[in-house]
Amino acid sequence: MKRTIALLLLVSMILIALAACGSQDGDTVNQGNLPNAGNDDIPGSDGFENGGNEEVKLLPDLPDGQNFGGHVFTFLVHEELSDDWLSNIPLEIVAEIEETEEPIVAEVYKRNEMLKEKYNVDFRMLPENEEHNVLRRVVQSGDDTYDAVVIFNNNIPPVINNGLLVTVDQLPYVDLDKPWWDDSVNGMSVANKQFLLGGDILILDNEATNALVFNKKLMSDLQMELPYNLVNEGKWTMDKLNDYVKGGSFDLNGNGVMDVEEDRWGFVCYRDTMHALLVSGGGALAVKDADDLPFIDFASDRNLSVLEKVMDIMYNKIDVLNIQSDISDGGNNSENWLRAYHNAFEQDRALFMWVRMRVVEKFRGMDSDFGIVPLPKFDENQANYHSVVNPYTGVLMGVPNTASNLDRTSIILEAMAAESRYTIQPAYYDVVLTRKFARDAESEGMLDIIFNSRVYDIGAIYAFGNVFIDLITLADRSNTDAMSFYERRKGQMERDINRLIESIQNMD
């Protein structure tokens, strides 16, 4: 018997060794779901396991033996000065230290050190508050300082209109079919020309994705069922959210009015929530036709039906606190409304709150447990959840027209994206969110749904006819007249769309 067991163990070891050798040659087949914002589930803490089955690491299809002679691969990146951000520069591009308690920084350092050794490159990041204007100046002067640029979404229109980026098909080793690239960014192409990249190199696209957080203590106190089952069964709808919201508010100080800083609210939101719920209900400000050309979709029957239901939720002044509309200074002082927004949830005075995922880290010290769910569907007939990327806080990436070596640039970006899939994405997803911030195992499944249902609304990011900001200001005034708003904006929206299409079609 002992000899039989020993023989079986030896055979098993030989088979494992052969399998390991075979996995080192070229691409391997991914045996399970790993992170991609448009398609796949995001992995657990090690990036390789799902349900106890070990995953096989997918390798990029890149030429061997590349040595770039110590080239300093330089990113132009945005610098955000808002009080609503814990870091004013991206964390996912360059890290200077290895020993740190911040998991993303540690994984960025590890990833970059591996790429330095393999390709003989170094990495540099130059932050600029108006990165789009810096990019315009360097491209117009022929300066090749920057190999890649990370751009705020609301700075994308002038970058594309002025032809400052190469098209992605000019990057020979960037393979958009690989899971480390986010295929939801296809929503930003025009006339079948794509200038932008998103995916596993970035975490700010995750952090700009819209969701809802809810207070589990309040739900327990109010004897409410947690909404996870509704989400998983496809029954998490605007009507269900509204039911929760109406059961969650209370005049705590008993003075007969709902006070921003003293009473409990069923739902706390921004004016941006108007657009977020429009998209979650299957709507959009603009869509694209069969030729990949955008057109206005605002006045479609679907959009108007969704907006009616959204307004029914957001304009309920008894149960819903719209921060920028309802605080005493009308939302003009960002410090005041940001404080009120965060305090309501941290002090157990908000049942639900609309967030961009970045806000979740603000609650790391909160005493009460909370959960995360996607924004609701319009109704149960809607096939999928839709989680829009906020135009003001999201980023995408591109390559300047003056980049000196597109072969080198595309190799480094492809290698960086592939490695990020197994380093910074698990650090962000599992360690940062699931273990530090979110307070239950169910939220991990919710994050799968949120990130895998990501949507870019081209009409919002390009803001044709200033439509995005004008739409969300309707919520400031509780204005229900969407058609009058549309009629006033329609002509300028069409002119802006036509200018964009013409500029892209005229590019070489």
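Along the sequence shown, residues carry numbers from 1.
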With side chains defined as the heavy atoms from C-beta onward, is the minimum distance between [X] and [Y] less than 4.5 Å?
{"X": "N210", "Y": "S387", "answer": "no"}
{"X": "P227", "Y": "W236", "answer": "yes"}
{"X": "I323", "Y": "R271", "answer": "no"}
{"X": "P426", "Y": "E107", "answer": "no"}
{"X": "M188", "Y": "Y462", "answer": "yes"}
{"X": "V174", "Y": "W181", "answer": "yes"}
{"X": "T402", "Y": "L164", "answer": "no"}
{"X": "M274", "Y": "N322", "answer": "no"}

Next item on the list: Return yes if some donor-acceptor pair links the side-chain N/O of D122 with the main-chain N/O of V72 below 3.5 Å, else return no.
Entry: no

For the residue pair [X] and [Y], does the interplanar ring angle fall in the parallel (under 30°), tilted (30 to 60°) or perpendicular (over 60°) class?
{"X": "F152", "Y": "H78", "value": "tilted"}
{"X": "Y270", "Y": "Y341", "value": "tilted"}
{"X": "H71", "Y": "F73", "value": "perpendicular"}
{"X": "F363", "Y": "F370", "value": "perpendicular"}
{"X": "Y119", "Y": "F68", "value": "parallel"}

Notebook entry, point to check: Do other residues, nucleotides or ligands put more than 12 heavy atoms under 6.0 Å from the CG atom of D367?
Noted result: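 No - once you tally the heavy atoms of other residues, nucleotides and ligands closer than 6.0 Å, there are 12 at most.
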
Check: Around K216, counting heavy atoms of other residues, nucleotides and ligands shown, do more than 12 lie under 6.0 Å from its NZ?
Finding: yes

Notebook entry, point to check: Does K57 pair with E419 as a salt bridge, N-O distance under 4.0 Å?
Noted result: yes

Next item on the list: May I ask you to decide whether K110 forms a salt bridge with E113, counting only side-chain N to carboxylate O separations under 4.0 Å?
Entry: no

Check: Can you list the steps and then say if L204 with T393 is a side-chain contact (heavy atoms from CB on, under 4.5 Å)?
Finding: CA-CA 8 Å; L204 280 175; T393 55; over 6 Å; no

Check: Taking it one step at a time, do K178 and R421 satisfy side-chain contact (heavy atoms from CB on, under 4.5 Å)?
Finding: CA-CA 11 Å; K178 290 293 170 53; R421 180 174 171 82; over 6 Å; no

[X] [atom1] to [Y] [atom2] distance, which is reported to the nearest 0.5 Å:
{"X": "R111", "Y": "I424", "atom1": "CZ", "atom2": "CD1", "answer": "5.0 Å"}
{"X": "L165", "Y": "F195", "atom1": "CG", "atom2": "CZ", "answer": "7.5 Å"}
{"X": "I411", "Y": "L115", "atom1": "CD1", "atom2": "CG", "answer": "12.0 Å"}

Note to self: Determine whether R124 and T145 satisfy the following criterion, side-chain contact (heavy atoms from CB on, under 4.5 Å), listing intermediate values before the conclusion.
What the structure shows: CA-CA 11 Å; R124 178 174 59 170; T145 297; 4.1 Å; yes

Next item on the list: Could you check N153 against L396 for side-chain contact (heavy atoms from CB on, under 4.5 Å), going step by step and ending with a plain yes or no?
Entry: CA-CA 6 Å; N153 285 346; L396 288 169; 3.6 Å; yes

